[in-house]
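Notes for the one structure printed next.
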Amino acid sequence: MKRKAESNTSKSVDLDKSHWSAGLLKSMKDPECIVKEDDKIIVIKDKYPKAQFHYLVLPKEDISSIWQVKRNHQDLLMHMHNIARDLVEKQTDHEFIIGYHAMPSMQRLHLHVISTDFNSPCLKTKYHWNSFTTPFFLHSSDVSRQLHEEGEIKKVSPERCKEYLNTQLKCHKCTLQPKNMPALKRHILTHIDKQKQ
DNA sequence: GTTCTAGAAC
DNA sequence: GTTCTAGAAC
């Protein structure tokens, strides 16, 4: 009852620990989810992995998103990147990308570490696909360089984010533009098979 | 973030 | 008739 009344304003939704957007905060406290942990960060497995391997690196410090990151967090971002690199090195037979979503929907800064097979039943929508394969995905190395050279991360407008998410489907490994998600999902399997041969 | 499902697309 | 996408969720 109380929660319902409070959730009428957007600000109280942000603070509501029972709201779905607080899901990562819950996962960070769940031993079942935790892959690795040190004094500054926690690594968890994505609850709905969009590829064969999909981890999230989160700082323990309460940073809500990439857009709250300033120069004073340079070392933290480098540390998160190094942790990600360590995870990637364990799977020498898989390619990975490491980065942030330009418009994240979950609370707490989180670095995606995801294999580029994108072979997962949880990957269902154009939004999912474009969030990893268009400039909506901010590569960690670019973000860190920008923070170092410019002192801040160049904001991607909500309008631009929506453009990226609505981009026509395109294979990340070739020029094919499949007509829909099922066609794309069938197609990317052919790239995986080629690697194995 | 996901789930559900109406109705568009085929 | 079936597949697929897109928008609401109190």
Sugar-phosphate only, base, or nothing, as touched by Ser21(A) at under 4.0 Å among non-hydrogen atoms = nothing
For Ile114(A) and dG1(B), what is the distance between atoms CD1 and C1' respectively, to the nearest whole Å?
-> 14 Å
Roughly, in whole Å, what's the span from OH in Tyr127(A) to C1' in dA8(C)?
-> 16 Å
In whole angstrom, give the distance that lies between atom CG of Leu165(A) and atom C1' of dA6(C).
-> 13 Å
Distance test, side-chain N/O of Lys124(A) to OP1/OP2 of dT3(B), below 4.0 Å = yes
Opposite nucleotide pairing with dT5(C), Watson-Crick or G-U, both atom distances under 3.5 Å = dA6(B)
Okay, side chain of Ser120(A), backbone of Pro49(A): is any donor-acceptor separation there less than 3.5 Å?
-> yes
Reckon Pro182(A) touches a base, only the sugar-phosphate, or nothing at all at heavy-atom distances under 4.0 Å?
-> sugar-phosphate
Side-chain N,O (His128(A)) to OP1/OP2 (dG1(B)) below 4.0 Å | no
Between dC4(C), dG1(B), dT3(B), which nucleotide has the shortest distance from any of its atoms to the side chain of Asn180(A)?
-> dC4(C)
Salt bridge check: are Arg145(A) and Glu150(A) linked by an N-O gap of less than 4.0 Å?
-> no
Are OP1 or OP2 of dT2(B) and a side-chain N or O of Lys50(A) less than 4.0 angstrom apart?
-> yes
Taking CG from Leu25(A) and P from dG1(B), how many angstroms apart are they, rounded to a whole number?
-> 13 Å
Distance below 4.0 Å between His19(A) side-chain N/O and dG1(B) OP1 or OP2 | no
May I ask you to check whether over 12 heavy atoms, not counting those of Lys185(A), lie within 6.0 Å of atom NZ?
-> yes
Are there more than 12 heavy atoms of other residues, nucleotides or ligands under 6.0 Å from atom NZ of Lys170(A)?
-> yes
What is the distance, rounded to the nearest whole Å, between atom NZ of Lys47(A) and atom P of dT2(B)?
-> 10 Å
